[in-house]
Student: 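My structure is below; once you've seen it, I'll send some questions.
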Amino acid sequence: INKEYIYNDIAQLKIKTRQLDSAYFYNKKAYGFAKNFKDQRCIANVERTFGELFLKQNKKDSADFYFKKSIQTSLDATIYDTALIGLGSLIESNSKGTETVNYYFKKGQEIIKQHNVNPSFQKLFYEQSLTKFQSLNDKNLVLSTQAKLLEIEKEKGIRRSIFAAESSI
């Protein structure tokens, strides 16, 4: 694992423990390394981490800026799983209302339909969305999102069964 990933992971841990000054320090280091190595996936991850950091500091405009920057970095580099998680972060952090949340949700669904996104990232996106839909009391979106999560879990179970069957041959 390269330094940029290690520093980004430390920053994320610092955010979880509410050591926000330290989180900024480590994430800034990660950003510098990621940019030097031109590691687009890590750049997008670090930008999303900045978004999470600013969200914890109640700096919603800065958080949205970095979430959107992360999405754009991901899309420019055709890294759709991190773009999807960035959209999930925008959904979670959104305070502008249902219309904006629906816009980001539809964008995420488009990415899932158009590209081969790892089911684990799909699950995380739907979990992020579900939390927001529950807070908005949107029963239709809650039910459809729960159905998507069940579908992903069912598909994972089928893949595990196939893998187990192939392994025993």
Student: Would you say the side-chain atoms of Tyr31 and Glu47 include a donor-acceptor pair closer than 3.5 Å?
Tutor: yes
Student: Using modelled atom types and a 3.5 Å cut-off, is there a donor and acceptor pairing between side-chain atoms of Ser70 and backbone atoms of Tyr66?
Tutor: no
Student: Per the side-chain contact (heavy atoms from CB on, under 4.5 Å) rule, which among Ile85, Ile111, Asn118 passes with Tyr80?
Tutor: Ile111
Student: Quick one: does Phe105's side chain get under 4.5 Å of Tyr126's, heavy atoms only?
Tutor: yes
Student: For the pair Lys132 (side chain) and Asn94 (backbone), establish whether a donor and an acceptor sit closer than 3.5 Å, ignoring hydrogens and angles.
Tutor: yes
Student: Would you mind listing every salt bridge (Lys or Arg N to Asp or Glu O under 4.0 Å) that reaches into residues 54-79, with sequence neighbours excluded?
Tutor: Asp64-Lys96
Student: Among pairs that include at least one residue of residues 134-157, which meet ring-ring contact (aromatic ring centres under 6.0 Å, His included), considering only residues two or more places apart or in two chains?
Tutor: none
Student: Do Tyr26 and Ile6 touch side chain to side chain, with heavy atoms closer than 4.5 Å?
Tutor: no
Student: Can you check whether Tyr24 and Phe50 have ring centres sitting under 6.0 Å from each other?
Tutor: yes
Student: Checking Arg41 against Asp81 for the salt bridge (charged side-chain N to carboxylate O under 4.0 Å, His left out) test, could you report, in this order, the C-alpha distance in whole Å, the side-chain angles of both residues, the deciding distance, and whether it holds?
Tutor: CA-CA 10 Å; Arg41 176 177 290 278; Asp81 51 3; 3.1 Å; yes
Student: Can you list the residues that meet the side-chain contact (heavy atoms from CB on, under 4.5 Å) rule with Asn2, with sequence neighbours excluded?
Tutor: Glu4, Tyr5
Student: Do any N or O atoms from the side chain of Ser144 and from the backbone of Leu141 form a donor-acceptor pair under 3.5 angstrom?
Tutor: yes
Student: Is a side-chain N or O of Glu52 found less than 3.5 angstrom from the main chain of Ile15, in a donor-acceptor match?
Tutor: no
Student: Using modelled atom types and a 3.5 Å cut-off, is there a donor and acceptor pairing between side-chain atoms of Thr78 and backbone atoms of Ser74?
Tutor: no
